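Counting convention: from 1, in listed order, for ligands and their atoms alike. Since the structure is predicted, the reported quantities are computational estimates derived from the model, not experimental observations.
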Amino acid sequence: MKKMRRNSDRNKRSTGRLGLSVRGRWSIAALCLALLMAMTALAGCGSATKEETGDGEDEADSVNTIATVNYIPTEKIEGSTLYVEKVENLADDFILGMDASSVISLENSGVTYRNFDGEEEDVFQILAENGVTHIRVRVWNDPYDEDGNGFGGGNCDVDTAIEIGKRATQVGMKLIIDFHYSDFWADPNKQMAPRAWEDMEIEEKTEAVYEFTTEALTAMKEAGVDVDIVQVGNETNGAMCGETIWFNIQYLMQAGSKATREVFPDAMVALHFANPETAGRYADYAKKLDYYDVDYDIFASSYYPFWHGTLENLAEVLSEVAETYGKKVMVMETSYAFSGEDYDFSGNTISDDSTTIVKDYPFSVQGQANSFRDVVDTIANETTNGIGVVYWEGTWISVGGSSWEENSALWEKYGSGWASSYAAVYDPDDAGKYYGGCAVDNQAFFDTDGNPFESLRIFNLVRYGNEVELKADAIDDVTLYVDLNGTVELPETVDAVMTDNSRQAVEVTWDITDEEIEAMYAGGVNTYTVTGEAAGMTATCYVAMIEYNFLTNYSFEDGDLTGWSVTDNAAADELYVEDKVTDSLTGTCHMHFWSEAQNTVDFDLEQTVEELPTGTYKYSISIMGGDAGDDQEVYAYVKIDGEIVATAPMTITSYGEWDTGTIEDITYEEGQEITVGIHVRCQGTGSGAWGKIDDALLNSAAE
Ligand code: CA
């Protein structure tokens with residue numbers, strides 16, 4: 001094989017295997033196909049590396065030859081309008097992959113894809129032409145009901161994976177095979193055994209994993225699929241194939257790994273996990289894998305930037321595994337939205353309505369490319385032994401109908417939605433209830449008609465850079481808090497997000513009348529959306545009419561305890577202001593507490609206000625958390641001149657369940673000292689009481 005750009009040690013090592021997979025007996029049909037493809041390539045593609053493989057040697061009768069034309073460019077694609085800062089030190093064999101598991105179902109549903117010249121073309125060729133090096137495909141054991149109706153999500157069984165594998169191999173890409181060891185989706189919330197294995201004890205199930213993996217991989221090998229990585233389990237966060245203890249899970253992983261070593265001795269074995277943002281999670285998994293001596297090469301992570309913490313944290317937790325155990329690491333799934341819209345009448349994982357996600361890039365084609373570029377940079381330059389990044393389902397677009405009903409008919413028939421109603425026989429509570437279409441059509445690299453976005457070229461340009469002139473790509477939203485007795489003053493400039501994700505102030509013209517502003521004063525506590533025009537784009541200002549809050553740093557947005565004082569009565573392990581949008585009631589910060597041992601959460605958080613006008617006031621504060629136990633004493637309180645005059649009981653229940661303690665009718669006279677606070681004492685269940693406090697409000701009460 002002459003993969004020209006692949007001149008690293010790893011490639012040298014794998015030459016033998018590549019030779020094996022492409023040799024074999026040439027059939028007349030294969031020869032014709034090869035000639036046809038070579039002619040097509042010569043006619044249509046000037047810059048790609050063209051190569052035919054197969055030397056006609058008889059090696060194994062059962063191994064087919066796939067005629068390969070490598071379309072992956074070895075030079076920069078010129079002429080793109082996409083801004084790309086080059087990722088330095090990117091190894092020639094750095095994996096820039098794409099999961100494209102739903103393609104066959106989409107094509108069966110009538111979806112077609114076009115290249116940048118607007119010509120209909122094989123989607124795998126389009127991906128290769130733009131620099132995608134690997135195609136990832138998931139494998140479910142049996143995603144069909146008894147009547148042969150597919151569960152959806154691409155109906156990805158072994159045969160589907162082989163079909164995808166052959167097509168990707170034909171155009172020069174390698175395969176990452178993603179075994180879920182389930183009949184449908186496996187992820188951190190769901191690791192169901194296939195129906196055929198449900199009643200098996202662990203010994204039998206281990207054998208089943210070995211047999212299934214061996215047979216599937218052998219079939220792929222016989223079909224000539226160029227397998228580079230085999231993933232044993234998908235997002236196996238402490239569960240896999242119905243097993244929930246590591247003593248059992250490791251047997252299954254060992255079985256999948258053993259099968260891989262035997263069928264594809266030069267392929268790498270990957271294990272795949274999610275939620276790098278959870279402190280200690282990956283270190284714990286890696287330690288267990290080491291303890292059980294599980295044979296694997298790659299510790300892989302999902303990284304969805306809107307949910308999974310910072311890139312710095314990702315690099316840190318993966319590097320720790322790489323350095324401690326000598327493993328390779330990579331991002332096996334990532335994505336970002338090119339827009340906040342939905343295109344197929346079936347809601348998406350992230351959208352303009354998402355309120356608790358981290359949005360470090362605008363939802364735009366450029367933002368999608370920048371996000372991917374930064375993940376690649378992090379794995380290549382900030383992470384020890386980082387070998388690649390795979391984008392998840394960048395080809396999953398709408399099936400194109402003009403109504404939910406029209407699309408649903410296609411999802412049901414061809415499995416092109418995330419789940420069909422037929423999945424109810426296997427997963428009645430989730431897929432069986434909420435089946436529907438594509439949840440990531442706003443994260444694809446193609447529009448609804450199958451035309452590629454400029455961002456697809458990131459797979460090539462990330463190696464070379466493309467620092468075209470900066471321009472404004474999006475406008476940051478503005479939020480304005482105005483006291484009901486204050487004045488609405490809309491800003492004269494807003495921040496434009498430039499194509500390199502930097503900010504520049506630009507002038508804005510708001511579309512609002514004096515009458516509309518008057519109505520805001522009259523409307524009480526309320527939030528209004530004002531739009532305007534800036535740098536040729538729509539600017540948005542949210543005007544929140546609020547009651548004046550006499551507390552400083554009421555939502556902890558200063559990022560510290562400015563204005564507040566803490567009395568820690570029992571030495572909690574963690575007690576500080578945390579910046580984490582997903583755990584905050586509003587804004588991005590909140591007061592965080594956690595303690596591992598029982599009876600070590602016992603503290604008061606309070607703020608004293610000076611110079612309040614005489615009058616009647618109300619006070620409220622909110623808390624949420626978990627593992628607090630039944631023995632808890634949590635209340636909001638008000639002190640006048642150091643004496644508690646009123647309390648409001650509160651309860652810590654579970655994640656996301658905020659409880660607000662409110663104290664009304666607080667009488668205050670000038671000259672007094674008023675202090676408001678929250679008292680938290682809980683025994684804890686023994687696994688670490690924790691919680692979050694946010695949004696303390698001290699307002700003047702109505703007359
Ligand atoms: Ca959708």
S.K.: Which residues and atoms, counting only protein N, O or S, are under 3.0 Å from the Ca ion (ligand 1)?
M.R.: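 Metal shell, protein only: Asp342 OD1, Asp344 OD1, Ser346 O, Asn348 OD1, Cys438 O, Asp441 OD2.
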S.K.: Checking Asp142 now: which residues fulfil salt bridge (charged side-chain N to carboxylate O under 4.0 Å, His left out) with it, not counting sequence neighbours?
M.R.: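 Listed in chain order: Arg195.
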S.K.: Using the benzene-type ring in the case of Trp, are the ring centres of Phe273 and Phe299 under 6.0 Å apart?
M.R.: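 Close enough - the centres of the two rings lie under 6.0 Å apart.
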S.K.: Given side chains that start at C-beta, do those of Gln366 and Tyr83 come closer than 4.5 Å, heavy atoms only?
M.R.: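 Yes; the side chains approach each other to less than 4.5 Å.
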S.K.: Test: ring-ring contact (aromatic ring centres under 6.0 Å, His included). Region: residues 423-444. Which pairs qualify, not counting sequence neighbours?
M.R.: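 Output for this query is empty, none listed.
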S.K.: Using the test ring pair (Phe, Tyr, Trp, His ring centres under 6.0 Å), find all partners of His272 that sit at least two apart in sequence or belong to another chain.
M.R.: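 Expected list: none.
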S.K.: Any donor-acceptor pair under 3.5 Å linking the side-chain atoms of Asp695 with those of Ser622?
M.R.: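 On atom types as modelled, these side chains do not qualify, holding no pair under 3.5 Å.
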